[in-house]
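Shown next, in structure tokens, is the structure this report addresses.
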Amino acid sequence: MPPRLTHPLTARYTIFMAHSYLIFDFGTDEEAAQQARHKLEAWKQGFRLGNKLLLKFEREGSSGADAGKDGAATSAGGDAKPAGAKKKSAVNEQAEKPELRVHVRLLIRLDFSDHEKLTHQRWLDRIPGEEPFKSVEAETVLYTDPAFTKTAELFDSLD
């Protein structure tokens with residue numbers, strides 16, 4: 001009997017592979033978090049990772065947007081001063097105000113297909129070992145971890 005031609009073929013390379021998440025807690029060090037973002041973006045472009053490496057920031061605590069609104073209102077309030085004086089006064093006001101500290105966490109989602117298991121594992125090992133990441137607290141969440149669904153929902157909810 002000949003093979004069935006109507007039998008649906010399974011796509012060999014489209015087998016579902018769950019995401020892996022790397023979570024880095026930068027505390028209040030926004031500068032280190034931005035350095036990490038720059039490094040990830042360089043890797044993403046250099047290695048042509050596209051959507052295989054996605055990152056999002058989670059910021060908790062006082063929002064920096066409130067400070068920006070206050071700063072803009074105070075610098076725009078003095079219309080009688082020359083433009084140079086406005087800039088100096090805005091800089092002085094920002095220097096005098098206590099800096100608002102925001103707790104920053106960086107979430108990275110690695111999304112490699114099933115036939116890229118070796119590449120996936122290499123990125124899981126490489127990222128936490130590099131400089132901006134190895135000095136901060138890190139957590140790896142794999143598909144088998146109990147916190148995976150919570151982490152996936154958090155990642156999807158961030159902008």
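Since the structure is predicted, the reported quantities are computational estimates derived from the model, not experimental observations.
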4.5 Å side-chain heavy-atom contact, [X] and [Y]:
| X | Y | answer |
| --- | --- | --- |
| Leu110 | Leu22 | yes |
| Arg37 | Leu40 | no |
| His19 | Phe155 | no |
| Asp25 | Val136 | no |
| Phe24 | Ile127 | yes |
| Trp123 | Leu49 | yes |
| Val104 | Phe57 | yes |
| Asp111 | Leu54 | no |

Please report the interatomic distance [atom1]([X]) to [atom2]([Y]), rounded to the nearest 0.5 Å.
| X | Y | atom1 | atom2 | answer |
| --- | --- | --- | --- | --- |
| Tyr21 | Lys56 | OH | NZ | 8.5 Å |
| Lys117 | Leu124 | NZ | CG | 13.5 Å |
| Arg101 | Asp29 | CZ | CG | 8.5 Å |
| Arg105 | Leu154 | CZ | CG | 6.0 Å |
| His120 | Lys52 | NE2 | NZ | 11.5 Å |
| Thr151 | Glu139 | OG1 | CD | 6.0 Å |

(request) Answer yes or no: are there more than 12 heavy-atom neighbours, outside Asp125 itself, under 6.0 Å from its atom CG? (result)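 More than 12 heavy atoms, drawn from other residues, nucleotides or ligands, come within 6.0 Å of this atom.
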(message) Is it true that, when you exclude Arg122 itself, more than 12 heavy atoms of the residues, nucleotides or ligands shown sit nearer than 6.0 Å to its CZ?
(response)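 Atom CZ in Arg122 is not crowded, with 12 or fewer foreign heavy atoms closer than 6.0 Å.
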(request) Anything under 30° is parallel, anything over 60° is perpendicular, the rest tilted; go ahead and classify Phe148 against Tyr143. (result)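 Rings of Phe148 and Tyr143: perpendicular, over 60°.
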(message) I'd like to know if the side chain of Asp145 and the backbone of Leu142 have a donor-acceptor N/O pair within less than 3.5 Å.
(response)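 Yes, the answer is positive, given that a donor and an acceptor are paired below the 3.5 Å cut-off.
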Heavy-atom closest contact ([X] atom, [Y] atom, distance):
| X | Y | answer |
| --- | --- | --- |
| Phe133 | Ala36 | CE2-CB, 3.5 Å |
| Leu55 | Glu41 | CD2-OE2, 3.6 Å |
| Leu158 | Glu58 | CD1-CB, 4.0 Å |

(message) Glu131 vs Lys39, test: salt bridge (charged side-chain N to carboxylate O under 4.0 Å, His left out). Steps then yes/no.
(response) CA-CA 10 Å; Glu131 181 47 45; Lys39 185 153 206 133; over 6 Å; no
(request) Classify the side-chain pair Glu30/Gln34 by whether it contains a donor and acceptor separated by less than 3.5 Å. (result)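 The answer is yes; a qualifying pair exists.
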